[in-house]
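For reference, the structure discussed in these notes is given below.
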2 protein chains.
Amino acid sequence: MDFRDVSLTSLRVFRAVAEQGTFTAAAAELGYTQSAVSRQIASIERAAGAELLERRRDGARVTTAGRIVLQRATTVLDEIDAAARELTGLPARAGTVRVGWFPIAGAVLGPRALTALRRSDPALTVVTREAGTPALVRALRAGSLDLAVLALAPPFRPPDAESPALVLRTLTERSLCVAVPAADPLARGSFVDVADLRGRRWIAGSATAGDGLMGVWPGLDEKPEIAHTARDWLSKLHLVAAGCGLTTVPAVLATVAPAGVRVLPVRGGPREQRRVLLARLPQPLPEAAARVAAALHRAALDTDVAL
Amino acid sequence: MDFRDVSLTSLRVFRAVAEQGTFTAAAAELGYTQSAVSRQIASIERAAGAELLERRRDGARVTTAGRIVLQRATTVLDEIDAAARELTGLPARAGTVRVGWFPIAGAVLGPRALTALRRSDPALTVVTREAGTPALVRALRAGSLDLAVLALAPPFRPPDAESPALVLRTLTERSLCVAVPAADPLARGSFVDVADLRGRRWIAGSATAGDGLMGVWPGLDEKPEIAHTARDWLSKLHLVAAGCGLTTVPAVLATVAPAGVRVLPVRGGPREQRRVLLARLPQPLPEAAARVAAALHRAALDTDVAL
DNA sequence: ATGTGCTATGCGTGAACGTCATGGACTTCC
DNA sequence: GGAAGTCCATGACGTTCACGCATAGCACAT
């Protein structure tokens, strides 16, 4: 069996798995069953004569041979899509930039950058997508994103150890804050002391996150009491406003917090920095994408100044 | 039906038809039946929602929509091939240049250029192919050749009217000659008068070529007597040496004509010029291909000087 | 008229690709 | 320790699709 005999379907399936990280998720995205995905992957691996995905308990990771195929597969699939667009008479997607960002970037940074772009480059079309950092990184590597805005906690390791390494540029860096009900005594000051965070009830991001519960101030010497869990920032903020508990938030959220919520820095503990990065593949960036990257940088700077 | 649902097979078949010029020839090249080719083309046209090939009595011509698809298809198929090579551990085909030339170029110009290249750029690999001008042009457009050496007779129209137009550079230009048996009285002089060509027996290229029998001096005012037909130059020259007749040859052949044959210019009639061109697509040429092109130019110059 | 190039199409067969259902390996929670 | 959850793999099955064969249609040549 020769790799030249692969089907476009198997390339598409492979890209989806590379992007989603698991067969099951890829199947859901494609409207297939997991079984079909498994077979397609088996088929493309047979054609390639090598293992393209390393099966792990938590999903699949692209191998070295897989990277070779992924690289080619994306340009092949993009080319097919471009042909499809050209044939239907649509103009080429030259001015469309695909950006992914982690959830909170969509609240402040994204809208600012897009507003600025709409004035400065009205011809540009930007398509955005919200996802977690691992998903964004996979999407970048799978070629379905041009740019990704990632959040990193200390230690600021690169988001993956794959090669080639992603190109990372820091957009902004700021301390983690806590969101406090305006009615709470803590809200009287302009900052919160870490000691005052003991014994409080917390609103966590998920019921059971692996390392360091998201939403709870890290490094507390007690087992925190999780009163609520919510993934959505709007929900979390309104839970705080309702006095249901505290939660950690990035400082940028101060500008968009609803009434009844104060966002305050924390003093006393080790500095809890969060770094926001713009990531891309180490390939030459299309002109349009470079403009969007620049707009994101400007928006980050403006936000820094405003705070 | 969406163009994204095309199969790689149909792309390959389409490329083959574009290159061969007929369904039947493409089928032969691919090891398919003509029936299969017809169906694959129907399938890809259904997917594209447009006619990609214009059916004519003498075969098929690529339409405007077809050019769009052909363009994309070649890069897609090349990409797949590249992936296949990478997977089998072979080095990328970065240094391989595919050159096509019309038959006579393989006798003098090609060998000279290749010998020079072997000394100057030993790392380069050149793959060559011999074919007629129309086939070469189609192969260029289908992306299966990087360079093509074409022969043009007056009036020197571009070899096809497709767009984008091919980039043409003249390698050399010289007069048509006649090959005369050394024993023939005509061979005594250093040239032949056109009047002396009347009543001679000729060795033609093919039994019945459409316009202007190849091998017979053009513009004679009588119906020429075709004594033999031969496509192969070596055969033709030896038929001449055996005194079986005359035939027209490009002047370059003088340097490689066997004993018993003299190659002489013709005086008296209108000048019969033949132009040798180097053709390529109007796309940026890979580094390696540019070197081969340069070598061909040098070889053409050297040949000019030598004569 | 007959022959020779083209391409299109009806028909039958076999392979390929989906779904469904099941199973094995492993982790997490109670 | 057992149950329930996460992965992925695989046997059974139906349907679709792409091939070859044979034949038809068409335009042009001799």
Side-chain angles (χ1 to χ4, degrees), chain A residues 1-2 4-14 16-47 51-63 66 134-135 138 206-211 213 226 229, chain B residues 1-2 4-14 16-47 51-63 66 134-135 138 206-211 226:
Chain A
M1 180 102 180
D2 190 338
R4 273 172 285 252
D5 299 334
V6 287
S7 68
L8 283 179
T9 308
S10 69
L11 292 182
R12 247 185 286 267
V13 170
F14 177 63
V17 172
E19 184 171 333
Q20 297 292 329
T22 77
F23 285 28
T24 313
E29 181 195 331
L30 296 169
Y32 287 172
T33 50
Q34 174 269 114
S35 159
V37 170
S38 174
R39 286 174 199 284
Q40 287 289 352
I41 297 298
S43 138
I44 193 178
E45 283 184 327
R46 191 164 3 103
E51 191 180 53
L52 303 183
L53 292 166
E54 179 196 345
R55 276 71 159 177
R56 322 177 64 190
R57 21 195 131 292
D58 59 341
R61 250 187 70 229
V62 179
T63 65
R138 283 193 303 262
S206 61
T208 164
D211 48 346
L213 279 178
I226 310 289
T229 64
Chain B
M1 179 101 181
D2 189 340
R4 274 171 287 249
D5 300 333
V6 287
S7 68
L8 283 179
T9 307
S10 68
L11 292 181
R12 246 185 287 267
V13 170
F14 177 62
V17 172
E19 185 172 334
Q20 296 292 330
T22 78
F23 286 28
T24 312
E29 181 195 332
L30 296 169
Y32 287 172
T33 52
Q34 173 269 112
S35 158
V37 170
S38 173
R39 286 170 199 284
Q40 287 291 353
I41 297 299
S43 140
I44 193 176
E45 284 185 327
R46 192 166 359 106
E51 190 181 55
L52 304 183
L53 292 166
E54 179 196 345
R55 274 71 159 177
R56 321 177 64 190
R57 43 184 135 292
D58 58 341
R61 252 188 68 230
V62 178
T63 65
R138 284 193 303 261
S206 60
T208 164
D211 48 347
I226 311 286

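Below, read A as the first sequence line, B as the second, and so on, with proteins coming before strands; counting in each chain starts at 1. These numbers were taken from a predicted model, which means no experiment stands behind them.
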Report summary line: In short, side-chain hydrogen bond (donor to acceptor under 3.5 Å, both in side chains) pairs touching residues 51-63 of chain A with sequence neighbours left out are A:E45-A:R55, A:E54-A:R61, A:R61-A:E162
Query raised in the report: According to the side-chain hydrogen bond (donor to acceptor under 3.5 Å, both in side chains) rule, which pairs have a member within residues 18-36 of chain A, sequence neighbours left out?
Result: A:E19-A:R129, A:E19-A:S144, A:Q20-A:E29
Query raised in the report: Taking atom C1' of D:dG20 as reference, at what distance in whole Å does atom CG of B:L30 sit?
Result: 15 Å
Report task. Identify, with sequence neighbours excluded, every residue that meets side-chain hydrogen bond (donor to acceptor under 3.5 Å, both in side chains) alongside B:R46. Result -> none
Query - Which residues share a side-chain hydrogen bond (donor to acceptor under 3.5 Å, both in side chains) with A:D5, sequence neighbours left out - result: none
Query raised in the report: To the nearest 0.5 Å, what is the distance between CZ (B:F23) and CD1 (B:I41)?
Result: 5.0 Å
Query raised in the report: In residues 5-13 of chain A, which residues come under 4.0 Å of DNA chain D by heavy atom?
Result: none
Query - Reading 5' to 3' through nucleotides 5-17 of chain D, protein heavy-atom contacts under 4.0 Å coded B for base, S for sugar-phosphate only, - for none - result: --SBBBBB-----
Requested in this report: Evaluate side chain to side chain contact (heavy atoms under 4.5 Å, CB included) for A:L53 paired with A:V62, printing each intermediate quantity in order.
Outcome: CA-CA 5 Å; A:L53 292 166; A:V62 179; 4.0 Å; yes
Query raised in the report: Counting only side-chain N and O atoms of A:Y32, is one of them less than 4.0 Å from OP1 or OP2 of C:dG18?
Result: yes
Report task. Search all heavy atoms of A:S43 against all heavy atoms of A:S10 and return the closest pair with its distance. Result -> OG-CB, 4.5 Å
Query raised in the report: Tell me, do A:I44 and A:V13 make a side-chain contact under 4.5 Å, heavy atoms counted?
Result: no
